[in-house]
Amino acid sequence: MKPFAILYSSNTGFTERYAKMLGEKTGLPVFSVENPPEKGTAIIYMGWLMAGSVFGYKKAAKNYDVKAVIGTSLAPTGTLVETIRKNCGVPEDFPVFNVQAGMDHSKLKGGYGFGIKMLTKFMAKKKNRTAEENAMLELLIKGGDYVSEENLAGIIEWYNNL
Ligand SMILES: Cc1cc2nc3c(=O)[nH]c(=O)nc-3n(C[C@H](O)[C@H](O)[C@H](O)COP(=O)(O)O)c2cc1C
């Protein structure tokens with residue numbers, strides 16, 4: 001069965017933009033967790049990456065028929081699939097995606113600003129960083145916006161093949 005809706009959770013707005021973009025591309029209605037669809041609905045869940053896990057996924061999985069999970073991240077598109085699979089506890093054949101989004105320090109609320117400081121410190125101290133980790137560190141320090149339609153291509157292909 002195809003999903004009937006997109007449900008998202010967004011802290012600083014990147015996930016919201018991706019959810020609306022995906023809604024336009026698929027024709028699916030888009031809901032935020034603050035204004036959610038009926039429980040049990042078949043959904044695509046989108047949330048932001050927090051320490052390797054997709055924020056809000058576990059709660060969504062309890063209340064909805066989740067058909068796919070998408071994490072928006074600092075890390076490049078497609079590089080966190082196995083990390084998310086492990087940290088969210090979803091099986092091998094379950095559709096998992098990550099799309100690169102961005103960092104907007106001015107919109108970070110409350111404790112999450114502290115979380116970013118810790119993550120930046122951790123990444124800065126890390127020895128032998130890969131090119132991807134260096135790119136992530138630069139985003140953490142300077143901020144940036146990598147939202148693009150191309151990042152959704154793999155998800156749209158998956159959806160169209162359902
Ligand atoms: C506390 C915290 C932890 C984060 N951890 C990760 C992470 O482990 N990996 C990653 O790629 N991005 C991480 N991020 C970055 C966010 O997932 C990214 O900025 C996301 O696009 C924000 O989406 P939003 O604007 O919808 O809130 C973290 C952000 C915060 C605030």
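We count ligands from 1, going down the list as the structure has it; atoms in each ligand are counted the same way.
Under a 4.0 Å criterion applied to the non-hydrogen atoms of Gly13, ligand 1 contributes the atoms 24 (P), 25 (O), 26 (O). The Met50 neighbourhood of ligand 1 comprises atoms 3 (C), 4 (C), 5 (N), with distances under 4.0 Å to a heavy atom of that residue. Distances below 4.0 Å separate heavy atoms of Ser10 from the following atoms of ligand 1: 24 (P), 25 (O), 26 (O), 27 (O). Shown in contact with Met103 at under 4.0 Å from a heavy atom are these atoms of ligand 1, numbered in order with element: 19 (O).
Backbone and side-chain nitrogen or oxygen atoms of Thr72 are examined, and one is located within less than 3.5 angstrom of a nitrogen or oxygen of ligand 1. Residue Gly52 has at least one N or O atom closer than 3.5 Å to an N or O atom of ligand 1. Annotation: Phe14 places an N or O atom under 3.5 Å from an N or O atom of ligand 1; distance criterion only. Taking distance alone, with nitrogen or oxygen atoms compared against 3.5 Å, Leu74 approaches ligand 1 more closely than that limit.
Leu7 and Tyr159 sit in two unconnected hydrophobic clusters of ILVMFWY residues. Membership requires side-chain heavy atoms under 4.5 Å apart, directly or through other members.
Residues passing the side-chain hydrogen bond (donor to acceptor under 3.5 Å, both in side chains) test with Glu24: none are found, sequence neighbours excluded. Applying the salt bridge (charged side-chain N to carboxylate O under 4.0 Å, His left out) criterion to Lys121, with sequence neighbours excluded, gives no partner residue.
Between Ala101, Ala51, Ala75, it is Ala51 that holds the heavy atom closest to atom 5 (N) of ligand 1. Distances from atom 27 (O) of ligand 1 to the heavy atoms of Leu80, Asn11, Thr83 show the closest one on Asn11. Compare Leu139, Thr12, Val99, Asn87 by their heavy atoms: the one nearest to atom 24 (P) of ligand 1 is in Thr12.
For Leu119, every heavy-atom contact with ligand 1 shorter than 4.0 Å involves the side chain, none the backbone. Proximity of Leu108 to ligand 1, defined as any heavy-atom pair under 4.0 Å, is confined to the side chain (atoms from C-beta onward).
Inter-residue side-chain proximity for Asp65 and Thr41 is flagged as unmet; no heavy-atom pair is nearer than 4.5 Å. Side-chain atoms of Ile84 and Leu49, non-hydrogen and from C-beta on, do get closer than 4.5 Å to each other.
Because its NZ or CZ atom is not both nearer than 6.0 Å to the ring centre of Tyr64 and within 45° of the ring axis, Lys39 does not count as a cation-pi partner of that residue.
Of the listed residues (Gln100, Glu138, Met136), just one forms a side chain to side chain contact (heavy atoms under 4.5 Å, CB included) with Leu74, and that residue is Met136.
The aromatic rings of Phe55 and Trp48 sit parallel to each other, their planes meeting at less than 30°, with 60° as the upper class boundary.
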